[in-house]
Amino acid sequence: MRPNGERWRAPYACDPGASRGRLHPEGDSPTRSPFQRDRDRIIHSTAFRRLKHKTQVFVYHEGDHYRTRLTHTIEVSQIARALARALGLDEDLAEALALSHDLGHTPFGHTGEDALDAEMLGQGGFDHNAQALRIVTRLERRYAAYDGLNLTWETLEGLVKHNGPLVDAAGRGIGAYREHGVPGAILDYCGLQDLELASFASAEAQCAAIADDIAYDAHDIDDGLRAELFDLTDLAGVPFLRDILTEIDRAYPGLERSRVIHELVRRIITRFVEDVIAESGRRLASLAPADADAIRAADDAVVAFSAGMAEAEAGIKGFLYPHMYRHPTVMAVRRQADGVVRDLFRRFVAEPRLMPAEWCADLGGADDSRLMRRVADYIAGMTDRYALEEHRRLFDATPDLR
């Protein structure tokens, strides 16, 4: 054990004692490492609490047992810590990144994000990763000395780059940012504190990213079965899932459906986690990184699935897309939610005084870009429930989203 209860870390782990620091310098805590403080600030933020009533796939009133953004985030955090511990990484940083990865999500899941992105076309669009950065650097207003949470460079880097580099060596957007470029919020912050967008993030951030995939693959199967969008027999079309179901049936013939589902979900998570630990161990041994910066400079991610497991994971996503995310029932709710978000956006842009005083007080004479971004910030922070309440307040008819 190290000071403040920290565990042993490998040489390539992020060392909180060697952090690149915070935008606004602060003294050290006598009881917590910098990454532990980041984690605690995230948990105590308003944006984190709002995740309780933000949709994962189903809207909040579909049932008490479906995942919300908050329960999903907790599950991601547990998996990220398990991976980090097995690989000798800083568990607190991995946990902080897992806890913060969905802070920028809108009400109604990706539907709300797509609606705001469309309404903000020509004004830089809307991106939930960029929004998460805005939240932790600007929109959270809790501390006397600064806006935001004043997180460490390592946490901000991981928040922005957990899915990989954002630009190539020439500064051109890649991946999700190839067509429209890197969002302005990210570029603006990099003008204050360079997050090195062309490099990979730390191994801890990579743990949080792959933990996200593991969690929602496994638990969206659970929620989809619970909602009867598909049945266990439908899963036989995915070889990886068929093999696990066969294994369960042989070990426990005649097992009741609810226990079969739980056995399936836990075995999916276990196999994914064990595969990532083994494959990442091989990659780390091959790379032999001397420090965390060697992870960032690598040509590929060091935390990853093996080729065979990556194929199995893609098979699950390929199943869930038509059977769950594009299921007619889900799509009907998504169309209604899209209308709610667009209605709110257009109404607040036309009449900003309808927003709470703290959101509209200084908008007199604001140009379209500033006004629209303020409205997008306000709506993005809403929970599903509050968005529907606001819609009922401002419009004669509001859908039930069922």
Side-chain angles (χ1 to χ4, degrees), residues 10-16 18-23 34-35 38 80 83-84 87 89-90 93-94 96-98 100-104 113 117 124-138 148 150-213 276 279-280 283-284 286-305 310:
Y12 49 76
C14 284
D15 181 356
S19 170
R20 300 194 196 183
R22 306 176 189 274
L23 181 63
F35 301 151
D38 284 359
L83 294 174
L87 296 173
L89 303 173
D90 190 282
L93 177 58
L97 291 166
S100 62
H101 84 282
D102 269 354
L103 290 181
E113 179 175 10
D117 189 41
F126 183 91
D127 174 85
H128 76 267
N129 278 335
Q131 190 67 16
L133 182 65
R134 283 176 62 77
I135 287 169
V136 301
T137 59
R138 296 183 60 180
N150 200 32
L151 304 177
T152 61
W153 183 92
E154 290 78 10
T155 298
L156 295 178
E157 175 218 24
L159 182 64
V160 168
K161 299 190 302 185
H162 59 272
N163 288 320
L166 276 56
V167 301
D168 61 19
R172 295 182 295 260
I174 59 177
Y177 303 120
R178 185 181 307 278
E179 184 176 355
H180 298 295
V182 176
I186 296 175
L187 295 177
D188 290 346
Y189 188 80
C190 285
L192 301 174
Q193 193 178 34
D194 185 8
L195 298 179
E196 301 176 0
L197 302 183
S199 68
F200 280 90
S202 64
E204 287 85 354
Q206 295 177 36
C207 284
I210 206 163
D212 185 26
D213 286 335
V276 169
E279 176 64 19
S280 303
R283 294 190 181 201
L284 287 164
S286 176
L287 182 64
D291 54 27
D293 284 339
I295 299 286
R296 296 184 175 99
D299 293 331
D300 202 357
V302 297
V303 180
F305 294 116

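Computed from a predicted structure; not experimentally measured.
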- Nearest heavy-atom pair of I174 and D168: which atoms, and what distance? CG2-N, 3.8 Å

- Message: Side chains of K161 and S199: any donor to acceptor distance under 3.5 Å?
- Response: yes

- Query: Run the side-chain contact (heavy atoms from CB on, under 4.5 Å) check on D127 and Y177 step by step: do they pass?
  - Reply: CA-CA 10 Å; D127 174 85; Y177 303 120; 3.1 Å; yes

- Message: For R283 and D300: C-alpha separation, side-chain torsions, deciding distance, then whether side-chain contact (heavy atoms from CB on, under 4.5 Å) applies.
- Response: CA-CA 10 Å; R283 294 190 181 201; D300 202 357; 3.8 Å; yes

- Task: Please assess D293 against Y12 for the test side chain to side chain donor-acceptor pair (under 3.5 Å), listing each intermediate value before the final yes or no.
- Result: CA-CA 8 Å; D293 284 339; Y12 49 76; over 6 Å; no

- Note on the structure: All heavy atoms of I295 vs all of F200, minimum pair found to be O-CB, 4.0 Å

- Query: Nearest heavy-atom pair of D15 and F35: which atoms, and what distance?
  - Reply: C-CE1, 4.0 Å

- Task: Determine whether Q193 and R20 make a side-chain contact, defined as any pair of heavy atoms from C-beta on separated by less than 4.5 Å.
- Result: no

- Note on the structure: Distance col, row L166:CG vs R178:CZ, nearest 0.5 angstrom, shows 12.0 Å

- Query: Can you tell me if E113 uses its side chain to pair, donor with acceptor, with the backbone of H128 under 3.5 Å?
  - Reply: yes

- Minimum-distance pair of heavy atoms, taken over all atoms of R22 and P34: NH2-O, 3.2 Å

- Item | Inter-residue atom distance C190.SG - L197.CG, 0.5 Å rounding | 4.0 Å

- Message: So, taking the atom named CD in E154 and the one named OG in S19, what distance separates them when rounded to the nearest 0.5 Å?
- Response: 3.5 Å

- The single option from V160, V136, L97 that satisfies side-chain contact (heavy atoms from CB on, under 4.5 Å) with T155 is L97

- Separation between CG of L103 and CG of L159, rounded to the nearest 0.5 Å: 7.0 Å

- Message: Do P11 and D291 have side chains that approach each other closer than 4.5 Å (heavy atoms only, starting at C-beta)?
- Response: no

- Message: Measuring only between side-chain heavy atoms, which start at C-beta, is F305 closer than 4.5 Å to E279?
- Response: no

- May I have the step-by-step check of side-chain contact (heavy atoms from CB on, under 4.5 Å) for C207 and L87, ending in yes or no? CA-CA 10 Å; C207 284; L87 296 173; 4.2 Å; yes

- Message: Could you check whether any side-chain N or O of E204 sits under 3.5 Å from a backbone N or O of C14, counting only pairs where one atom can act as donor and the other as acceptor?
- Response: yes

- Task: Over all heavy atoms of both residues, which pair between A290 and A294 is shortest? Give the atoms and the distance, please.
- Result: N-CB, 4.0 Å

- Message: Restricting to non-hydrogen atoms, name the atom on L284 and the atom on P289 that form the minimum distance, rounded to 0.1 Å.
- Response: O-CD, 3.4 Å

- Starting at CG of L23, measure out to OH of Y189 and round the result to the nearest 0.5 Å. 4.0 Å

- Item | L83 vs Q206, side-chain contact (heavy atoms from CB on, under 4.5 Å): CA-CA, chis, key distance, verdict | CA-CA 10 Å; L83 294 174; Q206 295 177 36; over 6 Å; no

- CG of D38 to CG of L156, rounded to nearest 0.5 Å, is 7.5 Å

